[in-house]
2 protein chains.
Amino acid sequence: MSEKRNKIFKAIADPTRREIFHVLVIDSALSISQLSTQFDISRQGVTKHLKLLEEAKMVNIQAKGRERYCEASLDALQEIKNWLSFYDVFWDDKLKALGDHLDQMT
Amino acid sequence: MSEKRNKIFKAIADPTRREIFHVLVIDSALSISQLSTQFDISRQGVTKHLKLLEEAKMVNIQAKGRERYCEASLDALQEIKNWLSFYDVFWDDKLKALGDHLDQMT
DNA sequence: TTTATATGCAACAAAATGGTTGCGTATGAA
DNA sequence: TTCATACGCAACCATTTTGTTGCATATAAA
């Protein structure tokens, strides 16, 4: 479904969300409170961002006692790579066309 | 600068914008009016999307007579690839760790 | 010249976004 | 048990986003 794609593109659109993801890739796993200390916004602000990241499958959260630990899920990025890969064909075509053009100049 | 990155991530966040880009990759170059016929929103709506795409360097527009022709610029996608490439390292690490783990099982 | 087309600009409106604060609850520590 | 911590939920608010319509202008066509 394209809904999955929409969600991840929405998720990475916000710079704070990209930074949260970045932090979690580097330093997993962190509780929500621990994570929040690294940002200027409130814990609830971070929680809201986490919700979107979680819906986009970019972050997994699991409860442990009274804390909830977050970890980044790299696999979700495949959706973006898939989107990009479609355009590689056209990119290559243009490079090829440029190559042909350069060949003609010799 | 990160402003460039912000702009392209914003640009691709909207599904209509992604579709406009897609159409322009397939069928460049189209005038704004021609392009608009392919979407349910108004011409001005499309123009607004084009403005963001242009600022993100994903689309180039040049006037020809009373028309303005739009074409997609694939190069802008490199910014997204750059962002993704950082995480490839971690991805590989995890695969490697998985590999090591599987080795231990034999 | 007159008319039709392609466009930009501005004002507007509804909805989404990104953030806040306050409060209630569950869990861990003293 | 009592207190502090980690969290979710809901209400609220300002700004941005995504769309609209109306109108003015420049260019092409009749």
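Each chain gets a letter, A, B and so on, in the order its sequence line appears, and its residues count up from 1.
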- prompt: Would you say Phe9(A) and Leu52(A) are hydrophobically clustered, going by side-chain heavy atoms of ILVMFWY under 4.5 Å?
  reply: no
field: Distance, rounded to the nearest Å, where Ile12(B) contributes CD1 and dT17(D) contributes C1'
entry: 17 Å
- prompt: What is the ring orientation for Tyr87(B) with Trp83(B), classed by angle as parallel under 30°, tilted 30 to 60°, or perpendicular over 60°?
  reply: perpendicular
- prompt: Transitively linked via ILVMFWY side-chain contacts under 4.5 Å: Tyr69(B) with Ile61(B)?
  reply: no
message: In whole Å, I'd like the distance from the CD atom of Gln44(A) to the P atom of dC9(D).
response: 12 Å
- prompt: How would you label the contact of Lys64(B) with the nucleic acid (heavy atoms, under 4.0 Å): base, sugar-phosphate, or nothing?
  reply: nothing
- prompt: Are Thr16(B) and dT18(D) close enough that a side-chain N or O sits under 4.0 Å from OP1 or OP2?
  reply: no
Centroid-centroid distance, His22(B) to Phe86(A), less than 6.0 Å: yes
message: Judged by each residue's nearest nucleotide on DNA chain D, which is more toward the 5′ side, Lys10(A) or Ile61(A)?
response: Ile61(A)
- request: Please state how far atom OH in Tyr69(A) lies from atom C1' in dA6(D), giving the value in whole angstrom units.
  value: 10 Å
task: Check whether any side-chain nitrogen or oxygen of Arg43(A) sits under 4.0 Å from OP1 or OP2 of dT20(C), and answer yes or no.
output: no
task: Taking only the side-chain nitrogens and oxygens of Ser42(A), find out if one of them lies under 4.0 Å from OP1 or OP2 of dT20(C).
output: yes
query: Once you round it to whole Å, what is the distance between P of dA16(C) and NZ of Lys51(A)?
result: 16 Å
- request: Could you grab the distance from atom CG of Leu24(A) to atom CG of Leu53(A), nearest 0.5 Å is fine?
  value: 8.0 Å
- prompt: Nearest-Å distance, NZ (Lys48(B)) to P (dT7(C))?
  reply: 17 Å
message: Ignoring hydrogens and geometry beyond distance, is the side chain of Arg66(B) in donor-acceptor contact with the base of dT7(C) at under 3.5 Å?
response: no
- prompt: Touch check for Gly45(A), heavy atoms < 4.0 angstrom, all strands: base, sugar-phosphate only, or nothing?
  reply: base
message: Output the rounded distance in Å from CD1 (Ile32(B)) to P (dT27(D)).
response: 15 Å
- request: Could you tell me whether Ser33(A) contacts a base, only the sugar-phosphate backbone, or nothing, with contacts defined as non-hydrogen atoms closer than 4.0 Å?
  value: sugar-phosphate
query: Any side-chain N or O of His49(B) under 4.0 Å from OP1/OP2 of dG19(D)?
result: yes
- request: Would you mind reading off the distance between Arg18(B) atom CZ and dT18(D) atom P, rounded to a whole angstrom?
  value: 11 Å
- request: Starting at atom CG of Asp14(B), determine the distance to atom C1' of dT18(D), rounded to an integer number of angstrom.
  value: 8 Å
